[in-house]
Amino acid sequence: MAAELTAHQLIAAHRPTLDQALEAIRTRAYWSPHPEHPKAYGEDGSLDMAAGKAAFDALLGTRLDLGQPGTDGFVGGEVSPYGIELGVEYPHADLDVLLPAMKEGQKAWRDAGAEIRAVVCLEILKRISDRTHEFAHAVMHTSGQAFMMAFQAGGPHAQDRGLEAVAYAYVEQVRTPDTAEWTKPQGKRDPLALTKQFTPVPRGIGLVIGCNTFPTWNGYPGLFASLATGNAVLVKPHPRAVLPLALTVQVARDVLGEAGFDPNLVALAAERPGEGIAKTLATRPEIRIIDYTGSTEFGDWLEANARQAQVYTEKAGVNTVLVESAGDYKGMLSNLAFSLSLYSGQMCTTPQNLLIPRDGIRTDEGPKTFDEVVSDLARSIDGLLGDDARANALLGAIVNPDVKARLEAAAGLGEVALASREIANPEFPGAVVRTPVVVKLDGAKPDAEAAYMSECFGPVSFAVAVDSAADAVELLRRTIREKGAMTVGAYTTDEEVEQAVQEVCLEEAAQLSLNLVGGVYVNQTAAFSDFHGSGGNPAANSALCDGAFVANRFRVVEVRREA
């Protein structure tokens, strides 16, 4: 295959960005090459807002033929949470044909080396970035995120996470030199001398099992970590969120072909309704790496049954915020209200349990009782979402009927401090939009424990009354240890309480945010600086992104020769 993109062109275009990413993960300072503002696009070949919307509209009702081998038909059926049918069809694969074809290109991809693989990945990300507005609509209409969130989280933030994975992959691969001259003295005899060659080799085919809520943000780290370390990657999207990842595969295949590599190094595995191919794929011998985001039940199944593969999972957890005292009471309430409302709580990082001493808390506005804290939080959420246009922009749409059912059932679990209300979306009348529900629970009662010790994914929060700060710390520890947590938050002006919470999070390996009152929220993480998950508690067995996330996707093979 004749290369249209030469190695020299790719390195010249993308090596500076790679170097900046390497510096960012070293310093953990803020950096992003992908603009967060919609108006930043439209120059240098990127799609502006109108062109991106037109490109998305042009996809509706079409067939996305990726030119993959083994295509035995086409499948579709996505319906937007906003009520429109996408009507896009995708190739359905005969795995016995597709998987062998994917392996054929791995030798050339392996031999290209870490730098070439990295800059090819950066070219893929650059072309995705140029189409950010188009991808934003694809994410919005498969996940139910409001447009601005779909634009940012599904666009630049997802691209940042992909680039971060490439940077970590590069670091781990070049840690060992390509060659070494080895000489061992032998006294009066001639020294022993060997020439040694070290080659990072891929494990095999990586499988990315996509999720419904964040198809690109959660999909890109595993996809690019596996690809950058020399593996072919098969992308199996969630049946309700195929389009964003199908477009990603399309871009990747185009770039690989233009760079002189086999496009089949990246392929799509869409499924028929009810087919459930994830288990079949996950246990195939060709699949050697699996990245999964979703339910604990299936994540546990993968870890137990996909024995031939290295499995990276992000599962469910019970995220907790401990409220002991507040130096900025209004700031705390405002920050929590936004955290509980964003994307209708449909984030793996959204707080669920608020642990508050039943005797109340100290604040800069004087003492507040448990009931006052909860009612003030309810008013803060009401104020944030009182305007329907603003509410729609923050809440997005309920992603599936299961979330709606959990929301409706939550009101029967305890005393409702804030009832959920329905909001109409004038632009999309078919959207199901609901404000959060806040339910009071007594932490000492066994029937309440069944509720707050289970993940209730969606816009549901429990204000849990505890006997003391010490009891809150111990309940926090037990929750992380038994159920896991992607995030932990705490509000306290007491140094001893802060140290106790910090010690729990260090011992139980949970990421902690303290006293957030400004424009950073507990359910947000920044690529190149924040770790998403830790891999050290039941919520996830890996972190996005660290060296451990990439280092076991390849092995180093040594060839020794007499010098």
Side-chain angles (χ1 to χ4, degrees), residues 213 316-324 326 329 332-358 361 368 370-386 391 394-396 398-399 402-423 433-443 445 447-466 472 475-476 479-480 483-491 510 513 516 521-524 539:
T213 48
V318 176
N319 300 319
T320 301
V321 175
L322 187 152
V323 181
E324 185 272 338
Y329 186 62
M332 177 190 78
L333 294 175
S334 176
N335 193 280
L336 283 174
F338 189 93
S339 298
L340 299 179
S341 302
L342 185 62
Y343 184 33
S344 301
Q346 297 170 127
M347 304 173 69
C348 63
T349 49
T350 300
Q352 174 179 300
N353 294 344
L354 310 175
L355 308 185
I356 307 168
R358 66 178 75 252
I361 67 171
K368 299 285 184 180
F370 172 86
D371 287 338
E372 285 175 327
V373 174
V374 179
S375 62
D376 288 346
L377 176 60
R379 276 193 292 274
S380 187
I381 295 171
D382 258 346
L384 179 67
L385 303 177
L394 279 175
L395 295 169
I398 298 297
V399 70
D402 291 342
V403 175
K404 182 171 178 282
R406 279 193 294 272
L407 169 62
E408 291 169 350
L413 297 174
E415 181 187 343
V416 175
L418 175 66
S420 176
R421 67 184 179 90
E422 184 175 349
I423 294 179
V433 185
R434 298 287 188 277
T435 62
V437 63
V438 178
V439 179
K440 294 183 189 178
L441 296 174
D442 187 333
K445 293 185 177 179
D447 59 336
E449 181 174 320
Y452 66 71
M453 285 296 281
S454 300
E455 188 195 36
C456 193
F457 185 76
V460 177
S461 294
F462 299 118
V464 183
V466 293
L475 179 53
L476 171 64
T479 304
I480 301 170
K483 301 298 180 180
M486 295 300 293
T487 56
V488 173
Y491 290 91
S513 298
L516 297 183
Y521 304 94
V522 67
N523 41 356
Q524 297 173 320

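Note that the coordinates shown come from a computational prediction; the quantities given were computed from them, not determined experimentally.
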Does V403 reach the side chain of R434, with side-chain heavy atoms less than 4.5 Å apart?
no
Sequence neighbours excluded and cut-off under 3.5 Å, please list the side-chain donor-acceptor pairs for residues 452-459, or say none.
from	atom 1	to	atom 2	distance (Å)
Y452	OH	G443	O	2.9
S454	OG	A450	O	3.1

Report yes if some heavy atom in the side chain of L377 is under 4.5 Å from a heavy atom in the side chain of L340; otherwise report no.
yes
Output the distance between atom OG (S461) and atom CG (L354), rounded to the nearest 0.5 Å.
5.5 Å
Non-hydrogen atoms of V437 and A410 that approach each other most closely:
CG1-CB, 4.2 Å
Would you give the length of the straight line joining atom CD of E422 to atom OG1 of T435, rounded to the nearest 0.5 angstrom?
10.0 Å
Rounded to the nearest 0.5 Å, how far apart are OH of Y343 and OG1 of T213?
5.0 Å
If I take atom OG1 from residue T350 and atom CD from residue Q524, how far apart are they, to the nearest 0.5 angstrom?
10.0 Å
Check salt bridge (Lys or Arg N to Asp or Glu O under 4.0 Å) between K483 and all other residues, then give those that pass, not counting sequence neighbours.
none
Over all heavy atoms of both residues, which pair between A411 and V416 is shortest? Give the atoms and the distance, please.
O-CG2, 3.5 Å
Among residues at least two apart in sequence or on other chains, which ones pass ring-ring contact (aromatic ring centres under 6.0 Å, His included) with F462?
none
So which atom in M332 and which in I361 form the shortest heavy-atom distance, rounded to 0.1 Å?
CE-CD1, 4.5 Å
Quick one: do T487 and N523 satisfy side chain to side chain contact (heavy atoms under 4.5 Å, CB included)? Show the steps, please.
CA-CA 7 Å; T487 56; N523 41 356; 5.7 Å; no
Check the pair D442, R358 against side chain to side chain contact (heavy atoms under 4.5 Å, CB included), reporting the backbone distance first and the verdict last.
CA-CA 9 Å; D442 187 333; R358 66 178 75 252; 2.9 Å; yes
Rounded to the nearest 0.5 Å, what's the gap from CZ on R421 to CG on D382? Could you check?
7.0 Å
Counting N and O atoms only, with roles assigned by atom type, does the side chain of S344 sit under 3.5 Å from a partner on the main chain of L395, one being a donor and the other an acceptor?
yes
NZ/NE/NH1/NH2 to OD/OE distance under 4.0 Å, D376 and R379
yes
Please confirm whether the backbone N or O of T320 pairs with a side-chain atom of N353, one donor and one acceptor, at under 3.5 Å?
no
Measure the CD1-NZ distance between I398 and K404 for me, rounded to the nearest 0.5 Å.
9.0 Å
Shortest non-hydrogen pair, A485 vs I480, comes out as CB-CG1, 4.2 Å
Nearest heavy-atom approach of P436 to L385 is CD-CD1, 3.5 Å
Over all heavy atoms of both residues, which pair between A539 and G317 is shortest? Give the atoms and the distance, please.
CB-CA, 4.2 Å
Do the non-hydrogen side-chain atoms of V321 and Y491 ever get within less than 4.5 Å of each other?
yes
Test side chain to side chain contact (heavy atoms under 4.5 Å, CB included) applied to S341 and I381, step by step
CA-CA 7 Å; S341 302; I381 295 171; 3.9 Å; yes
Q346 (side chain) donor-acceptor with V399 (main chain) under 3.5 angstrom
yes
